[in-house]
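Following: one structure in structure tokens, then a few remarks.
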2 protein chains.
Amino acid sequence: MKYYSISEAAAQFNIPESTLRYYEKKGLLPLIERDGAGRRLFSEDQMALLGTVICLKNTNMPISGIRQYIDWVIEGDSTIALRLEMMQNHKQAVMAEISLMTESLEGIDYKISRYTERIQDY
Amino acid sequence: MKYYSISEAAAQFNIPESTLRYYEKKGLLPLIERDGAGRRLFSEDQMALLGTVICLKNTNMPISGIRQYIDWVIEGDSTIALRLEMMQNHKQAVMAEISLMTESLEGIDYKISRYTERIQDY
DNA sequence: ATACGACTTAAACCATGGTTTAAGTCAACA
DNA sequence: TGTTGACTTAAACCATGGTTTAAGTCGTAT
């Protein structure tokens, strides 16, 4: 089973190493192993979990929420219903945010069209 | 010409009065008049400008960026090209963010479908 | 006349999400 | 053998975007 160093993991996901250390400290990356010298070893499973963390981060889930999700993952199959409910709720929140941004984008487009008209005069 | 009190403005846009005071301090709401008692009076024009500020805020433009935009509005027609360029750039940024969220939403949907399958077993 | 509610200010406070720093350890290569 | 580069830690630091507090001023209804 392949393991990744912190620099490899950071490169894979294009985020700073410091952020990975911060996430581990916050409990978003639990059970990371260490080599003999104390260096982090990311397993394939943990890379996949990191992918999920980043997916949730990309959709603006707060650290505390991601932490709760990860705690449930670790707790095991008994939390599947909770995780499902969380993801369903989060999906609604994300769709609402996308809607708000999409609506607001119309306001921006309107500005662009007005400025495009007016710019002729200058 | 109708004027709005801070509480009316806050109610119109559904944001706290404290946020309006904060925005004014940050230069996002310039030239707000006061009545004899020192209370803010929002004109129709300023309500419209506030709408724009909130539109930019909804699309995650930082305060500093909104401030620059407002400064250009005040400066007058000579800044129309700059404002147009800013809005065009911002539109690209917003579309990129919507894309990222939309993509990440697929990851969330995948989680939902997997959990929905597995939940049968519990 | 007075008490209430809405408003004012400046300054302190807070949460969030990292980033940076300082001091040190270790492996591998010249 | 020594020095370089990648890594470690804890703690300090930072930016952003507000919110809250304290103390005070008005206008109006009782």
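In what follows, chains carry the letters A, B, and so on, assigned in the order in which the sequence lines appear, proteins first and then strands, with residues in each chain numbered from 1. In this text the structure is predicted, and so the values were computed from the model without any measurement.
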Quick check for you: among [options], whose closest atom lies nearest to any side-chain atom of [X]?
{"X": "B:K57", "options": "D:dC7, D:dG18, D:dG27", "answer": "D:dG18"}
{"X": "B:R40", "options": "D:dT19, C:dT9, C:dC7", "answer": "C:dT9"}
{"X": "A:K25", "options": "D:dA11, C:dT8, D:dT8", "answer": "D:dA11"}
{"X": "B:I63", "options": "C:dC7, C:dC26, D:dG17", "answer": "D:dG17"}
{"X": "B:P16", "options": "D:dT8, D:dT19, C:dT9", "answer": "D:dT19"}
{"X": "B:A37", "options": "D:dT20, C:dT19, D:dG27", "answer": "D:dG27"}
{"X": "A:I6", "options": "D:dG27, D:dT8, C:dC26", "answer": "D:dT8"}

State plainly whether the residues B:E24 and B:R34 are in salt-bridge range, i.e. N to O under 4.0 Å.
-> yes

Between OH of B:Y23 and C1' of D:dT16 the distance, given in whole Å, is 11 Å

B:R67 atom CZ is separated from D:dG17 atom C1', nearest whole Å, by 16 Å

Going by atom types only, do B:E33 and B:Y3 share a side-chain donor-acceptor pair under 3.5 Å? yes

Reckon [X] touches a base, only the sugar-phosphate, or nothing at all at heavy-atom distances under 4.0 Å?
{"X": "B:S5", "answer": "sugar-phosphate"}
{"X": "B:S7", "answer": "sugar-phosphate"}
{"X": "A:R21", "answer": "base"}
{"X": "B:T19", "answer": "sugar-phosphate"}

- Query: Between B:K2 and B:Y4, is NZ or CZ placed under 6.0 angstrom from the six-membered ring centre and within 45° of the ring axis?
  - Reply: yes

